[in-house]
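I have placed the structure first, in the form of structure tokens, so that the comments after it can refer back to it.
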There are 2 protein chains.
Amino acid sequence: MPADLRMTPQRREVYEVLRVSHDHPTATDVFHRAKERMPGISLATVYNCLEALTEHGVVRQVNVERASSRYCANLDDHVHFHCEGCGQVVDAMPREDVTAAQLWKLPRGTKVTALDVSIHGLCPECAKANTKSSH
Amino acid sequence: MPADLRMTPQRREVYEVLRVSHDHPTATDVFHRAKERMPGISLATVYNCLEALTEHGVVRQVNVERASSRYCANLDDHVHFHCEGCGQVVDAMPREDVTAAQLWKLPRGTKVTALDVSIHGLCPECAKANTKSSH
DNA sequence: ATCTTTGCTTAGAATGATTCTTGATCTCAT
DNA sequence: ATGAGATCAAGAATCATTCTAAGCAAAGAT
């Protein structure tokens, strides 16, 4: 945990919710889960905590299209797969090191700081259901 | 142009604005530009037209973090580079065919329909300015 | 130990992008 | 022409998120 991030009870709780959740909850989801153990916490505080944690690189913000941001405590290098059937978001690990500059033509002198990839499609369950229902 | 997309004057104008714009305008940007030649057009109509055009695959919606959606008439396979310095969004073409399944581990049976990549960083101009100012 | 500064939390208001609603208008096949 | 189904415009509504103001709490200075 970064030294310059003051770990208040609220921040600790928000982080703990994310640490044990593997479903990429939204701020509201986090709020409801945190509330179970810390009934006084407010949604604004959850937003503040998520912002502080994100800025300090302790959690990742995951944006899918225009929907509410989701959050994730998995800091390993990974991308997100969004199932268009059931809406779930799951992590996908790279097969090997992938860098943007290797894969896309960028003007000479461009500095890449982050590569943000979302894969859209159907998870195995939805893909199967889809095949069956379509004949 | 898809046969099942009725090309009303408003849709034609919105499409035309995007065709001649290479700066990935937001819905509001498109609204202002369309208004110059079609003063009666409303923002709601621009949103409706953008939705219709997007659904028919004639334009692409580009989402950058939580900011307003941007739109783009470039249908070639490409990704978007976002400069954190000046905020511009530019297209980047793939060096060769890139498929999600090749690069990331996905559960067996996953069906991929779209790969959405945003590269964040500094464009050559901002990168240069940044280096200079930092010493 | 108390004062002060600074940052955190809270509730509620405000913002801003987008979507919805309604009634008018248009298109096109019958 | 006529009627069904789209589309348009204006404004209201929604929803995620951010801002504001006031109270609190911790860390350091006196």
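If you measure from atom CD of A:Gln10 to atom P of D:dA25, you get 11 Å, rounded to the nearest angstrom. For the pair B:Met7 CE and C:dT27 C1', the computed distance is 16 Å after rounding to whole Å. Rounded to whole Å, the distance from CG on A:Asn48 to C1' on D:dA16 is 14 Å. Distance CZ (B:Arg6) to C1' (D:dC8): 11 Å, rounded to an integer number of Å. When the P atom of D:dT7 is taken as reference, atom CG of B:Leu53 falls 11 Å away, rounded to whole Å. Computed from coordinates, the B:Asp4 CG to C:dT27 P distance equals 18 Å when rounded to whole Å. In this entry the distance linking CG of A:Leu43 with P of D:dT17 reads 9 Å, nearest Å. What separates CD of B:Glu65 from C1' of C:dA17 is a distance of 16 Å, to the nearest Å.
Nearest to the side-chain atoms of A:Ala27 among the listed nucleotides D:dT7, D:dA9, D:dT17 stands D:dT17. The side chain of B:Cys49 has D:dC8 as its nearest neighbour among D:dC8, C:dA11, D:dA16.
Considering only side-chain N and O atoms, B:Thr45 lies nowhere under 4.0 angstrom from the phosphate OP1 or OP2 of D:dT7. Distances shorter than 4.0 Å separate some side-chain N or O of A:Arg66 from OP1 or OP2 on C:dT18. In this model, the phosphate group of C:dA17 is not approached by any side-chain N or O of B:Thr28 to a distance below 4.0 Å at OP1 or OP2. Close to C:dT19, at under 4.0 Å from its OP1 or OP2, lies no side-chain N or O of B:Tyr47. Contact check, B:Ser68 against C:dG16: no side-chain N or O comes under 4.0 Å of OP1 or OP2. Here A:Ser69 reaches the OP1 or OP2 of D:dT17: one of its side-chain N or O atoms lies under 4.0 Å away.
Across all strands shown, A:Thr26 has no heavy atoms under 4.0 Å from either base or sugar-phosphate atoms.
Taking the centre of each ring, B:His78 and B:His80 come in below the 6.0 Å mark.
Mapping B:Pro9 and B:Ala44 onto DNA chain C via the closest heavy atom, the residue that lands nearer the 5' end is B:Ala44.
To the nearest 0.5 Å, atom SG of residue B:Cys49 and atom CZ of residue B:Arg12 are 11.0 Å apart.
In this structure the side chain of A:Asp91 reaches within 4.5 angstrom of the side chain of A:His24, judged on heavy atoms. Between A:Thr54 and A:Glu51 the shortest side-chain heavy-atom distance does not fall below 4.5 Å.
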Run the numbers on B:Thr45 and B:Asn48 for side-chain hydrogen bond (donor to acceptor under 3.5 Å, both in side chains), then give the verdict.
CA-CA 5 Å; B:Thr45 296; B:Asn48 287 338; 5.1 Å; no
